[in-house]
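Presented below is the structure to which this report refers.
In the text below, chain A, chain B and the rest are named by the order of the sequence lines, each starting its count at 1.
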Number of protein chains: 2
Amino acid sequence: MAPVAAAQPRLTPAATQAALDALKQLLGDRFSAAQVVRDQHGRDESWAMPLPPDAVVFPHSTEEVVEVVKICAAHGLPIIPYGAGTSLEGHVTAVQGGVSIDLMQMNRILQVNAEDLDVVVQPGVRRKQLNEYLRDTGLFFPIDPGADASIGGMVSTRASGTNAVRYGTMRENVLALTVVMADGRVIRTSKRAKKSAAGYDLTRLYIGSEGTLGIITEITVKLYGIPEAMAAATCSFASLEGAVNSVIQTIQAGIPVARIELLDDVQARAINEYSKLSLPVQNMLMLEFHGSEAGVAEQAEMVQAIASEHGGEGFQWATKAEDRAKMWEARHAAAYACKALRKGCEIMATDVCVPISRLTECILETKDDVVKTGLTAPLVGHVGDGNFHLSVVVDRSNPQEVATVEEFSERLVHRALRMEGTCTGEHGIGRGKMKYLTAEHGEAVAVMRAIKKALDPDNLMNPGKIFSI
Amino acid sequence: MAPVAAAQPRLTPAATQAALDALKQLLGDRFSAAQVVRDQHGRDESWAMPLPPDAVVFPHSTEEVVEVVKICAAHGLPIIPYGAGTSLEGHVTAVQGGVSIDLMQMNRILQVNAEDLDVVVQPGVRRKQLNEYLRDTGLFFPIDPGADASIGGMVSTRASGTNAVRYGTMRENVLALTVVMADGRVIRTSKRAKKSAAGYDLTRLYIGSEGTLGIITEITVKLYGIPEAMAAATCSFASLEGAVNSVIQTIQAGIPVARIELLDDVQARAINEYSKLSLPVQNMLMLEFHGSEAGVAEQAEMVQAIASEHGGEGFQWATKAEDRAKMWEARHAAAYACKALRKGCEIMATDVCVPISRLTECILETKDDVVKTGLTAPLVGHVGDGNFHLSVVVDRSNPQEVATVEEFSERLVHRALRMEGTCTGEHGIGRGKMKYLTAEHGEAVAVMRAIKKALDPDNLMNPGKIFSI
């Protein structure tokens, strides 16, 4: 991505200052216009150019969010919700200036409904914090995008990750939301029943809306019983094709794997170097099985048989919790491991997702493209869902390299779209993928815009994301 | 429900006639204004007063639907989509006159993507037809609302039914939709990848929108491998509480039952009479287990142990396909069995759904109310989801009885709402539940209205449903 132009503030400096003064008066020392705080809130983990907001506020309650929104609405100042800052498409950058609402101090777990397998949290609760808290209940929240993201951010980007193949994405795991609308009204999208046919599905509308339709201040998510048995394994393949075909056959056979992750040889090497491991430098699958003792054994046996047919070998099992944790930590460190490959470089993370029947074709064509283009681009993937990432290592100071990476990324997206896939399986559109939205959705983008306009007529909510308005 | 006033046509007779003439010219003998055809399309299986449309059209393609919509939009004539006519809240009645678009001749199965576990169908495909068609592929479509509904209708009402406890509802099982908007534009809501984070979730917005936001003309739904093993069982309980508590404990233990249905003694008796069976006239659970041979045995054993603890006895197993089919046919005939209890009477079907921790309380209070009120109201329920129905038998010619039933229904809805539940788990709002929408969703209804207005500014699409506009 070429360095974008600096922010284009919506308001004049004087008008902005008037709004900031009102916010400062409301929140006192939970308002900050310090440069370091602004800088920190103008960036996420993407390679999108940081664009700091004019100020940052730290509300403690839905009521305070309402007051913040009312002040911003009265002055026409843009509002950018901010969580853990781990998004990957520049979601939190202040494209048109405005105030960043940092929701991380709203991090209380409000109500564990163990009998109903759900929990009500504030948006600043992080997923690891939630699972720590739940430990004694025998329940867990399965969605795991790798980063220790906030639940609010995960709702907003429709996050998923390694467990989605079994437990679904945020789309399937949110029961209800409390949302502060652009005009300060507060809505609750649903009651707490497991299903309902009462009116439009506002819960799902807000999941993945990236802060453009309102600010989420309370979330009810589903929980699951910690499985009686869990086992994880790695397995190596001489050919990438063999690894991918094993995944496809596993999914088609309906085996309820909890995780089935692909890493190519380049990624395995990077992880070895970064995480001080000694994985075989080959294409590999990382697997996890959840269930009863007998169920896990049965699943493992079936998958082992499928993998063997496709040239999989060297199954290494991890059944102890600490061994499994170590393995998944290494997997989650994949992006950092890639970054360490070339000093001073950044990572451009791709995120296509295709129907699983096209996955082998898509991955092989893409690997071929990587080789031809001469990129350093390790591959990991939530392949059970047809979703894979390349961590393209790029030296941003080299315009030619940046251009090459951009062209590669564009070819990849159009390849996925040609195969009835999507430009983003789980990272979201943010600023980075806006250019592909129409290629993917065509006329449906006009419908999305109409909804945006109906619910946020003054375009106050995270402007310049998803759509170029 | 008191007999409603007759339809209040939107247009003058002359203006209506001009629109109908244009439709007739477009579709020839696939246009009908015959009284018998209109009458048939003005009613569903609810006890809502039938309100016939001014005419019925039978398009064969998305393109024809577009032409129909354009004509209606030009003349301001309301459009009511019609499928199998099995809805339960008066969804298809022509409240403001207009044309019924019967989509049942669009009943082709367009593309089976067996490797991706999905299928693309036209909206008039019925669920039994789909499963017949799929039989040789080893795949099936699990959503089973009882009636042999059309897939289009099931999308529109966010249907679910007996299998939802394991496979989810229509909300979780649709990948993509093609929709003709109120102005004739055609959108596709999503590609065919299993997940995507690209923009607003229009797929979910249309699921459950009851024809008020556009006409669905193509649907991609998920499929599942037919399980290696299936077993079904019935089990009786002296106390209703014991039956419900068995369900709650089964769900809380995370046992992946495929079906877990409750029938009270009144319902068991009604089914015996209607389906010529000899079920014990007691509260009972009907269960089904899907999985590997070992998995099914394991699940069955666990559930049997739980049921025994709560006074369950007389487990009767059905493993042969024909025995299972017979058992579920009897279950699906429950509503007709109720209707047969009192000659000349109709059925008012309730549909609340509550968090499972409140299910026992909700059912016991409700049964108590039934007894006190002196109603004939057998109870069945998809209790694994917290959803249950009473089939209240009512003599519509007796205004006092109608009033009593209405008051009972209202008490039931408010009881469920008080317990953080919903007025409708799976039937939808239609015309019958409009009065409860604000009690359930509060300010969120205004957001729903804003979306409706943005996407259908002239209120052409199934007006007078969900909202009173």
Check your understanding: Should the pair A:Glu440-B:Lys191 be classified as a salt bridge under the 4.0 Å nitrogen-to-oxygen rule?
Key -> no
Stepwise salt bridge (charged side-chain N to carboxylate O under 4.0 Å, His left out) check, A:Asp201 with B:Arg204 = CA-CA 6 Å; A:Asp201 189 347; B:Arg204 249 50 55 183; 5.9 Å; no
- Message: Could you check whether B:Tyr200 and A:Tyr206 have their ring centres less than 6.0 Å apart?
- Response: no
When the 4.5 angstrom heavy-atom criterion is applied to A:Gln249 and chain B, the contacting part is neither
In short, B:Ile356 meets A:Asp116 closest at the heavy-atom pair N-OD1, 3.0 Å
If one checks every heavy atom of B:Phe467 against chain A at 4.5 Å, the contacting part turns out to be side chain
Turns out that what part of B:Thr424 lies under 4.5 Å from chain A's heavy atoms comes down to both
| task | Could you please spell out the steps behind the side-chain contact (heavy atoms from CB on, under 4.5 Å) verdict for B:Leu202 and A:Ile451? | result | CA-CA 10 Å; B:Leu202 298 183; A:Ile451 293 169; 3.8 Å; yes
Derivation of the side-chain contact (heavy atoms from CB on, under 4.5 Å) call for A:Ile248 and B:Glu115:
CA-CA 8 Å; A:Ile248 296 177; B:Glu115 291 192 312; 5.9 Å; no
Okay, B:Thr157 and chain A: the region with an atom under 4.5 Å from a heavy atom over there is backbone
The interface call for B:Met181 against chain A, heavy-atom contacts under 4.5 Å, is side chain
Heavy-atom nearest pair, A:Lys195 first then B:Ser160, reads NZ-OG, 2.8 Å
Minimal heavy-atom distance between B:Glu298 and A:Ala294, with the atoms involved, is OE2-CB, 3.9 Å
Honestly, the part of A:Met170 sitting under 4.5 Å from a heavy atom of chain B is neither
side-chain contact (heavy atoms from CB on, under 4.5 Å) test vs B:Val447 passes for just one of A:Leu205, A:Leu455, A:Val179, namely A:Leu455
